[in-house]
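The next block holds one structure in the form of structure tokens; read it before the comments.
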Amino acid sequence: MSREQQAVARARKAFETGRSKSVEHRIRQLKNLQRLFTEKQSVISAAVKKDLNKSEVGTQLYETLGLEGELNTAINHLKEWAAPRPVEKNLLTISDTVYIKPEPLGVVLIIGAWNYPWAVTIQPLIGAIAAGHGGPAANLHRQRALPRSDWGVSETQELLRQRFDHIFYTGNSVVGKLIMEAAAKNLTPVTLELGGKSPCYIDKNCDLTIACRRVAWGKYTNCGQTCIAPDYILCEPSIQDRVIEEVKKAIKEFYTDNPKTCPDYGRIINQRHFKRIMNMLEGSTVAAGGDNEESDCYIAPTVLRDVKPEAKVMQEEIFGPLLPILSVSGLDEAIKFINKGEKPLALYCFSSDNKVINRMTDETSSGGFLANDCLVHFSVGSLPFGGVGNSGMGCYHGKYSFDQLSHLRSCLIKKLNMEGVNRMRYPPHTPKKLGWARFFILNSVDLGWVGRMALLAVMVVVAAVVLQCTAQWCYQSQYSCDDTCRDPIRWAAQFPSCGGLRQSPINIVSTKVHVNSALPPFNFIGHTNTINITVENKGHSAHFALPHSVRLTGGALPGHYRAAQFHFHWGGNGRPGSEHTIDGEQFPMELHIVHIKEPYGSLAEAEHDMAGIALLAFLFEESPDDNPHLDSVIASLGRVKNNGSSTVIPNFRLSDIIPSDKDLFSYYRYVGSMTTPGCEQAVAWTLFHRTLPISSLQLDAITQQCRFWTGQPMTDIFRPTQPLDGRVVYRSKAGAALRGVMHWWVGVSSVLLGRTGLIH
Ligand SMILES: NC(=O)C1=CN([C@@H]2O[C@H](COP(=O)(O)OP(=O)(O)OC[C@H]3O[C@@H](n4cnc5c(N)ncnc54)[C@H](O)[C@@H]3O)[C@@H](O)[C@H]2O)C=CC1
Ligand SMILES: CCCCCCCCCC(=O)O
């Protein structure tokens, strides 16, 4: 048996004892690892000094500090991570216990690279221990502190002939493919943390001194041997000379006039890599640096100017201290250039203009994206770190390491009773049974986070099942005395927020609103894009899903918001159906465009923030003529008649159904809630003065097409207005200056929080 086979056998035996599965055991192991970094700090630093000429402080800053943080996070959160995770259920499974159970996979092989030898091996190891793996085979690669040269390859190759339950590899993409090939033999899942050419776009609209200092830091740290180092700069020719001067200034500031003698400037790992990097200089013009000494593996911080895309230095990841500058005519060309290459591990964009940054994020893809800085995303444990496409697959850091190295097992525990409900899925199959199955499967019930108490909670759920099945919420129009669904006045019994003090919709009394000159116009982004949107009948209304490229800023909202969907509220048979009323008048129909604040990913995440959701509301007024922009909307509703059905509207533009920006400076603003259960009190409402036209024929077409989840015609889908409860409604003043925008929001929030008794 080879020593690699023995190591794997030992690890598997240890795993099979089941000891590593106990959370207490995992925490003990993590604490042991923590001790290693306090007790052996100087040995660790000395080894890395020999390998890469990193100073002791440098090793702590770039390697062990991050590991200490990861260890603390894992130790503090492990119980929560490892606990069963209850999930949302549908009506069919409401009485079952449904959860995700994170489980260790078995034996994990971790293969690391030499450039940050501790960070890239121990960080996945922390995840592996946390996930409950038995003695990972770990990396066998050798650093120069041990036998010098490329030892480790043959041992790794032998290891790869063994069977593992996961392989976590950090290194170059060529070897990454070999790893995947070896893993395929046993269908072993892999995480590949690879590299590539990470572009850095510098916009002319930015502080070049600061931008170049940050780029120089990102590039020359560890002598350029960082997987996420900015590989090359893209900028307009007009700023190239300034960029060179500023990078030179930063080099001097960090590493003195003579980087060779500076303790903070590193060395290339070995002569093979030294030659590889020096070869890349061929055909390019050195604008700064260029000095080198092979025997010392020294290459000075170097800048290359006017580099062509065909140049040698642009054909592969540099992984050394050369910084090529390529000319582009502007943002469009930079995006085109980046998209022509493989998807990078990191993408950097320096600009003072948010539009530039937004376009760069929206129109490119990369493992990570950083605006106006380099490398630091690696140190944020709450961000998943990993590549995409050629830069890798899978991710880690913090909880992501735990999840990456766990099997997220789906568990559904049913009881052997309630067979009646199951009959809808047993043969003989009939359309009626299908109708019931649609109802039970398509209606989800979010019971919230039950955590480790899942077992106890499910008993409560079982007890409540009969009540729950018959207690769906409905609009007043659906309710009749024979029904058991909950109409709006009884929503609060099941959804407590619906009885809160900041509920929507409201009646706006125009003489009582406060005129506020600090309410500026909105900035609509992506509203004119032509998109394909999915429309779905949700049982209570129809939702028109919007892509994340549609965004919103301005309007004194406290941040950037991404569109999620829009929907309408309507009446029926000539009855008005708006939710908001003005001076008691209800309008024929109301449009709501729902936006979620960044960086929240969903309504559920945003609901804990008082302004987590921005809702734009438009009232409709009856017009003698049809509004042609509503044709595609009306036609799509005809294709989603029943609960759960969906369709696509191709080539849709949001700007076609709402007025242009210049007509939207005038609006009401107040803080309220969603108007359907759970009535989350997290909404900054904007109700525009400008109404939208709709003909009576169009209104009839809209209100007569869809059906509720109960099968009845979907009419009068609005919630009655709610008490203001001391809230203030503001009205924007046309042409107001931007000044004081933040003050307005802070002012409103404190007024509101104070009045609702949340602050004193
Ligand atoms: N995404 C990330 O987190 C990181 C990615 N990298 C990337 O790693 C690359 C630099 O490291 P490398 O030169 O790859 O490091 P390396 O030469 O140390 O190789 C990485 C690992 O692969 C093993 N290995 C090498 N050749 C092998 C073969 N033929 N068969 C089996 N195993 C083999 C080595 O023993 C080592 O453990 C760069 O592309 C860099 O961007 C580096 C650090 C972090
Ligand atoms: C304070 C910022 C720390 C940046 C550390 C960067 C480590 C990159 C990982 C790698 O190349 O192996």
Side-chain angles (χ1 to χ4, degrees), residues 1-21 26 29 74 81-82 100-114 119-141 152-196 227 343 345 367 384-397 399-411:
M1 231 192 198
S2 70
R3 110 192 132 106
E4 290 77 13
Q5 282 171 321
Q6 286 172 22
V8 179
R10 262 200 313 276
R12 191 160 298 284
K13 207 167 158 198
F15 179 70
E16 282 167 0
T17 63
R19 230 175 114 216
S20 60
K21 284 192 180 177
R26 304 184 210 179
Q29 296 284 75
W81 295 348
I100 296 164
K101 184 172 185 288
E103 292 185 345
L105 295 160
V107 178
V108 175
L109 171 65
I110 297 170
I111 307 170
W114 46 263
V120 300
T121 48
I122 304 299
Q123 203 143 325
L125 178 64
I126 294 169
I129 295 174
H133 296 285
N139 84 94
L140 286 189
H141 97 265
V153 172
S154 63
E155 287 92 337
T156 311
Q157 285 169 336
E158 174 58 18
L159 273 173
L160 288 170
R161 282 190 272 275
Q162 315 308 313
R163 182 178 187 139
F164 290 93
D165 300 298
H166 192 102
I167 300 178
F168 193 110
Y169 166 79
T170 301
N172 66 68
S173 309
V174 177
V175 176
K177 289 176 189 163
L178 299 177
I179 304 287
M180 207 164 164
E181 205 178 308
K185 290 201 186 80
N186 292 312
L187 286 180
T188 302
V190 289
T191 304
L192 299 179
E193 297 289 339
L194 312 176
C227 58
K343 290 182 182 171
L345 184 57
F385 182 83
V388 54
N390 209 57
S391 56
M393 60 184 72
C395 61
Y396 73 135
H397 288 196
K399 182 164 181 279
Y400 296 98
S401 305
F402 178 90
D403 282 353
Q404 181 74 15
L405 295 172
S406 296
H407 166 54
L408 299 180
R409 191 179 192 182
S410 298
C411 301

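All residue numbers refer to positions in the sequence shown, counting from 1.
Under the ring pair (Phe, Tyr, Trp, His ring centres under 6.0 Å) criterion, H166 pairs with no residue at all, not counting sequence neighbours. Q29 meets the side-chain hydrogen bond (donor to acceptor under 3.5 Å, both in side chains) test with no other residue; sequence neighbours excluded.
Looking at E4, its side chain never comes within 3.5 Å of a backbone N or O of T156 through a donor-acceptor pair. Of the possible polar contacts, one joining the S391 side chain to the K343 backbone as a donor-acceptor pair under 3.5 Å is found. Proximity of a side-chain donor or acceptor of Q162 to a complementary backbone N or O of L159 within less than 3.5 Å is not detected. Of the possible donor and acceptor atoms, none in the side chain of S173 sits under 3.5 Å from a partner among the backbone N and O of G176. For T188 (side chain) and D165 (main-chain N/O), no donor-acceptor pair under 3.5 Å exists by modelled atom type. With hydrogens and angles ignored, the 3.5 Å screen pairs a side-chain donor or acceptor of T17 with a backbone N or O of R19. The main-chain N or O of P102 is never found under 3.5 Å from a side-chain atom of R409 such that the two would form a donor-acceptor pair.
For Q6, the CD atom counts as densely surrounded, since its 6.0 Å shell holds more than 12 non-hydrogen atoms of other residues, nucleotides or ligands.
One distance of note links NE2 of H397 with CD of Q404; it measures 11.5 Å at 0.5 Å rounding. In this structure, C411 SG and E103 CD are separated by 6.5 Å, a value rounded to the nearest 0.5 Å. Note: R12 CZ to R10 CZ = 14.0 Å, rounded to the nearest 0.5 Å.
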Using side-chain contact (heavy atoms from CB on, under 4.5 Å), reason through I167 and T191 one step at a time and then give a plain yes or no. CA-CA 6 Å; I167 300 178; T191 304; over 6 Å; no
What do the steps show when you test Y169 against V190 for side-chain contact (heavy atoms from CB on, under 4.5 Å), and what is the final call? CA-CA 7 Å; Y169 166 79; V190 289; over 6 Å; no
Let me see the working for L345 and L194 under side-chain contact (heavy atoms from CB on, under 4.5 Å), right down to the final yes or no. CA-CA 7 Å; L345 184 57; L194 312 176; over 6 Å; no
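Between L105 and H133, some side-chain heavy-atom pair lies under the 4.5 Å cut-off. For the pair V108 and L405, the minimum side-chain heavy-atom distance is below 4.5 Å. In this structure, the side chains of L160 and I111 come closer than 4.5 Å at one or more pairs of heavy atoms. For the pair N186/F164, no side-chain contact is recorded, criterion being any heavy-atom separation below 4.5 Å from C-beta on.
Ionic pairing of R161 and E158 is present here: one or more N-O contacts between side-chain nitrogen and carboxylate oxygen are shorter than 4.0 angstrom.
The aromatic rings of Y396 and F385 lie perpendicular to each other, with more than 60° between the two planes, well past the 30° mark.
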